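Below is one structure, written out as structure tokens; comments come after it.
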Amino acid sequence: MLSFSCSLTGGKAVHTYNIHPDIPGRAPDVQMSDYLKKHLQRRSEKVLLDKDGLDVSVHVGPDVDGDFAFARTEHGGYYLSAKDERTMTWLVYQFIKMAGKEDPSIEATDLPPLVLSGKDTVVTFPFEYRDIYMPANQNPDVTYLLALQNLEYDWGIWGHNLSKVLGGNGDTSFGFQNMSQELFARTNGIVHQSQFCFSSGRLFDLTVQYILDQYGDGTETPYRIMIGPNDNEIVCTCRSCELAGNTLTNATPTVVAFVERLAARFPNHTFFIPGYSTTAALPDHRLPDNVGVFLSAIDYPRTGDEASNPKVEAFFDLLHKWKTLTNQVYIWDYICNFDDYLTPYPILYVMQNRLRRYREEGVKGLFLNGSGYFYSIHQEMYTFVLASLLINPDANVDKLVRSYYADAMPHVGEFCASVMLSMEKHFLRSGAEFPLYGGMDEAVKTYLFEKEFREYYPVFLRARDMEMTPRERVIYEKTRQFVSFTFLEMCRMRGLASGGFAELMGSEWVVKPEIWAALEDLKIMTSEDDLWYLTDSDSFSMDLMDRVNEAGVYIADYENELEMWLAGQWWKGDYLLRYPVKVHYDDQTLITTKLTDGIAGISQNYHWGWQIFPQQKGLVIELPAEAVAGKSGEFFMAFLNSERHRMAPPKFVEIWADGRNVGVLRREGLIDYYDEGEKVVFRGLASFGHPEHVELRVIPSHTRNVGIDQIYFK
């Protein structure tokens, strides 16, 4: 992107420019003025450079007031200055975008929208570190174009990656027995290779050597380095760690001591500990100047109504305590529903309020955790708007959204902008709280307004026949694929009620035509040639374009199970269909039709059609006697088997009628946990006379929850 080129021809443009270093002969000024000249001229077939053109002076250096300055000179020229080359690169492309708006001969449509006002300004960025974990920001070019940073390039060791110091890319599985047991956590005499002992001298020596080998001592290039435990709840309580202050739930004492030793060894690097999980507890002393905290905002509710939520002030009380211990407070915040990357997530106004609050509190850096390398709906727009807010939290969100869509989707962008902004405003008015891990039922209760979505959805589908630019067409089709998932899950959530997946034709429930159409839209694939329109990178893996959630579930896996369910029409002939049942568990009773609405569970995610109950304390499902009276047939029940979601099927299910055991539902084979998620079907025959009381008793196999999708009897 940064080397867009055209062949040059004669003639002059609307404006010509005399671009030169502010201080002749000064290397940074010369380098960046030449860079501006080269990349401006490459974008036009007309001559743009002329010594008699508008004067453009370029200056880079620490003497600049603020992070950058932009000014118009008295003769109509421009003065561009920035404190470093990285910021100047962003300013260069903002200038090119501005020039392109004035001169159609300058090709700048591939660049992000203009956020530079064109007025004289001196700006100090409110946050020294600004990072957005989205696919667009995985391209270094885009990182510079949006004035962002990127954890892959701007950090040494990052997050829960200390295992890198062991060699072998941190894979301990092949060589654990040959490694020093001193490296790993010990609790009650048991060594855990999945966690470290931060009192280990050997671990410290390996870490020092790794930093020297990979990043140097920081004299030439200082790095930020985060050191933390692996992401689990294990804390080393060996004799040394226990004496240092560790407990079974608190690793802060030894992690802080470890990091302080590194900070003393490498005074030019800056080290961070994560304020999260086993290192959530505060240290008991002030940290060295080159040690900070990356504080997780997971407990800071994402809501438009912060004033009435006591958790908000609890988070900022914690932040204030950290500020007394270090001047380097960074925040790790979250901007997605990590169980659903496909459904729109109107987070922009909420994040603007949060960024303003962070600025007021003196937070130094922000990492906004989004969909990472997995593509999420309209991630290009979200990345652009959030990057702009990180530069200026007071920027006009509506204007930023509309400017993005005007550039990226000139024909249907106004409609998209109106829809997205309407969702944003509805959520703010709702006072609800965003779920970080939620299914469709939680989405419609909080941030997705079902009536509005159902109105917009058919209008959006009709736009497929409109004229579009190539880039616009690719974004449109990807959006159509994603919102078809939202539509399908919304209809599945409604079952056989109004707005559900089927309609009654005579005595049969038939799948609606729009459900089949949405299923076809779900199959849309982005071609290799069109890939760069979505990611600004032609090397971005196709595997990362079609995932549903943080767990990496493929859209195709969802679509295949969905198609099998719809084609199989398992609800046909079901005696229990639409009858309410009573579920008794933990001294509670729930009356529901969710177990008899025909909706099959999809194995990869517990949100998709599964009803979750505890199975340990006598889970009993009471069936309507009138539905089974005088009937014989086979019962079918499906359970979710998933280690990841802490779900396990039962041993078996007993069928009772008027106090007598009249049958058993069993599955064949052993009951093993399956990490990715699998549907386990239990079957059993039963014959009923005219009982007054019928129930299914779930006999537990484990203390874990049980996920049930349907009960069929036919």
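Numbers here are sequence positions counted from 1. This structure is a prediction, so every number in the text was calculated from the model and none was measured.
- Listed here is the closest heavy atom pair of Y456 and S422: OH-OG, 3.3 Å.
- Contact check for Y334 versus R302: side-chain heavy atoms found under the 4.5 Å cut-off.
- Formation of a donor-acceptor pair under 3.5 Å by the N369 side chain with backbone atoms of Y133 is not found in this model.
- Residues that satisfy the side chain to side chain contact (heavy atoms under 4.5 Å, CB included) test with L566, not counting sequence neighbours, are F501, V511, I515, W516, L519, L562.
- The 12-atom threshold is exceeded at CE of M466, counting heavy atoms of other residues, nucleotides or ligands nearer than 6.0 Å.
- Salt bridge K478/D546: present, at least one basic N to carboxylate O contact under 4.0 Å.
- For the pair T124/D67, a side-chain contact is recorded, criterion being any heavy-atom separation below 4.5 Å from C-beta on.
- Checked by atom type and distance alone, the side chain of E450 never pairs as donor or acceptor with a backbone atom of V444 at under 3.5 Å.
- Here the side chains of K425 and D398 are in contact, with some heavy-atom distance below 4.5 Å.
- E472 has its side chain out of reach of I475: every pair of non-hydrogen atoms, C-beta onward, lies at least 4.5 Å apart.
- One finds the CG atom of D340 at 8.5 Å from the CG atom of N605 (value rounded to the nearest 0.5 Å).
- Side-chain polar atoms of Q379 and S371 form no donor-acceptor pair below 3.5 angstrom.
- Here the shortest heavy-atom pairing between Y341 and C336 reads CE2-CB, 4.1 Å.
- Between the E503 side chain and the M505 main chain, no donor and acceptor come within less than 3.5 Å of each other.
- Within the 4.5 Å cutoff, the side chain of R492 has heavy atoms near those of the W565 side chain.
- Side-chain contact of Y129 with W155: a donor-acceptor pair under 3.5 Å is present, judged by distance alone.
- Between Y358 and Y300, the ring planes are perpendicular. Angles over 60° get that label, and only those under 30° would be called parallel.
- Remark: S388 OG to R130 CZ distance equals 11.0 Å, nearest 0.5 Å.
- For S105 and D103, the side-chain atoms include at least one donor-acceptor pair closer than 3.5 Å.
- No hydrogens or angles considered: nothing links the side chains of Y144 and E85 as a donor-acceptor pair under 3.5 Å.
- In the model, Q94 has no side-chain atom that pairs as donor or acceptor with a side-chain atom of K97 under 3.5 Å.
- In the displayed structure, K512 atom NZ is contacted under 6.0 Å by more than 12 heavy atoms of other residues, nucleotides or ligands.
- In terms of modelled atom types and a separation under 3.5 Å, the side chain of T303 and the main chain of A432 share a donor-acceptor contact.
- Of all heavy-atom pairs between Q138 and G372, the closest is NE2-O, 3.6 Å.
- Take Y457 and apply the ring pair (Phe, Tyr, Trp, His ring centres under 6.0 Å) test, not counting sequence neighbours, and it matches F453, F487.
- The backbone N or O of L151 sits less than 3.5 Å from a side-chain atom of D131, completing a donor-acceptor pair.
- For the ring-ring contact (aromatic ring centres under 6.0 Å, His included) test with F95, the passing option among F68, W90, Y17 is Y17; the others fail.
- Checked for salt-bridge contact, R471 and E380 miss the test: no charged N lies under 4.0 Å from a carboxylate O.
- Residues meeting the side-chain hydrogen bond (donor to acceptor under 3.5 Å, both in side chains) test with D394, sequence neighbours left out: R356, R359.
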E455 and F449: side chain to side chain contact (heavy atoms under 4.5 Å, CB included), yes or no, with the steps?
CA-CA 10 Å; E455 290 172 352; F449 289 82; over 6 Å; no
Candidate pair R86 and T143, rule side chain to side chain contact (heavy atoms under 4.5 Å, CB included), full reasoning
CA-CA 10 Å; R86 188 171 195 151; T143 298; 3.5 Å; yes
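- The backbone N or O of L342 sits nowhere less than 3.5 Å from a side-chain atom of Q481 that would complete a donor-acceptor pair.
- Residues W571 and L496 are not in side-chain contact: their nearest non-hydrogen atoms beyond the backbone lie 4.5 Å or more apart.
- Remark: the backbone N or O of I602 is paired with a side-chain donor or acceptor of W610 at under 3.5 angstrom.
- Looking at E559, its side chain never comes within 3.5 Å of a backbone N or O of K523 through a donor-acceptor pair.
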I'd like to know whether D407 forms a side chain to side chain contact (heavy atoms under 4.5 Å, CB included) with L114, so could you lay out the CA-CA distance, the side-chain angles of the two residues, the decisive distance to 0.1 Å, and finally the verdict.
CA-CA 10 Å; D407 265 22; L114 185 67; over 6 Å; no
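- Residue I96 comes nearest to R43 through the heavy atom pair CG2-CD, 3.6 Å, listed as atom of the first residue, atom of the second, then distance.
- Between the side chain of R454 and the main chain of G499, a donor-acceptor pair closer than 3.5 Å is present.
- Side-chain contact check for I377 versus T479: some heavy-atom pair is nearer than 4.5 Å.
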Residue pair M381, L348: steps toward the side chain to side chain contact (heavy atoms under 4.5 Å, CB included) verdict
CA-CA 10 Å; M381 181 275 288; L348 296 176; 3.9 Å; yes
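- The aromatic rings of Y476 and F460 lie tilted to each other, with the angle between the two planes from 30° to 60°.
- Side-chain N or O atoms of N337 include one that pairs as donor or acceptor with a backbone N or O of G438 at under 3.5 Å.
- A donor-acceptor pair shorter than 3.5 Å cannot be found between the side chains of Y437 and E442.
- Between H378 and the choices Y405, Y345, F384, the ring-ring contact (aromatic ring centres under 6.0 Å, His included) rule is met once, by Y405.
- Distance check: D305 CG to F427 CZ gives 10.0 Å after rounding to the nearest 0.5 Å.
- Counting all heavy atoms, side chain and backbone alike, Y349 lies closest to E424 at N-OE1, 3.0 Å.
- Atoms CG and CD, on L522 and E563 in that order, are 10.0 Å from each other to the nearest 0.5 Å.
- By the 4.5 Å heavy-atom criterion applied to side chains, L146 and I132 are not counted as neighbours.
- Nearest approach of G365 to V363, heavy atoms of both residues: O-CG1, 3.4 Å.
- Distance CE/M134 to OG1/T383: 5.0 Å, rounded to 0.5 Å.
- Rounding to the nearest 0.5 Å places CD of Q41 at 8.5 Å from CD1 of I106.
- No cation-pi contact links R72 to Y78, judged by a cut-off of 6.0 Å to the six-membered ring centre and 45° from its axis.
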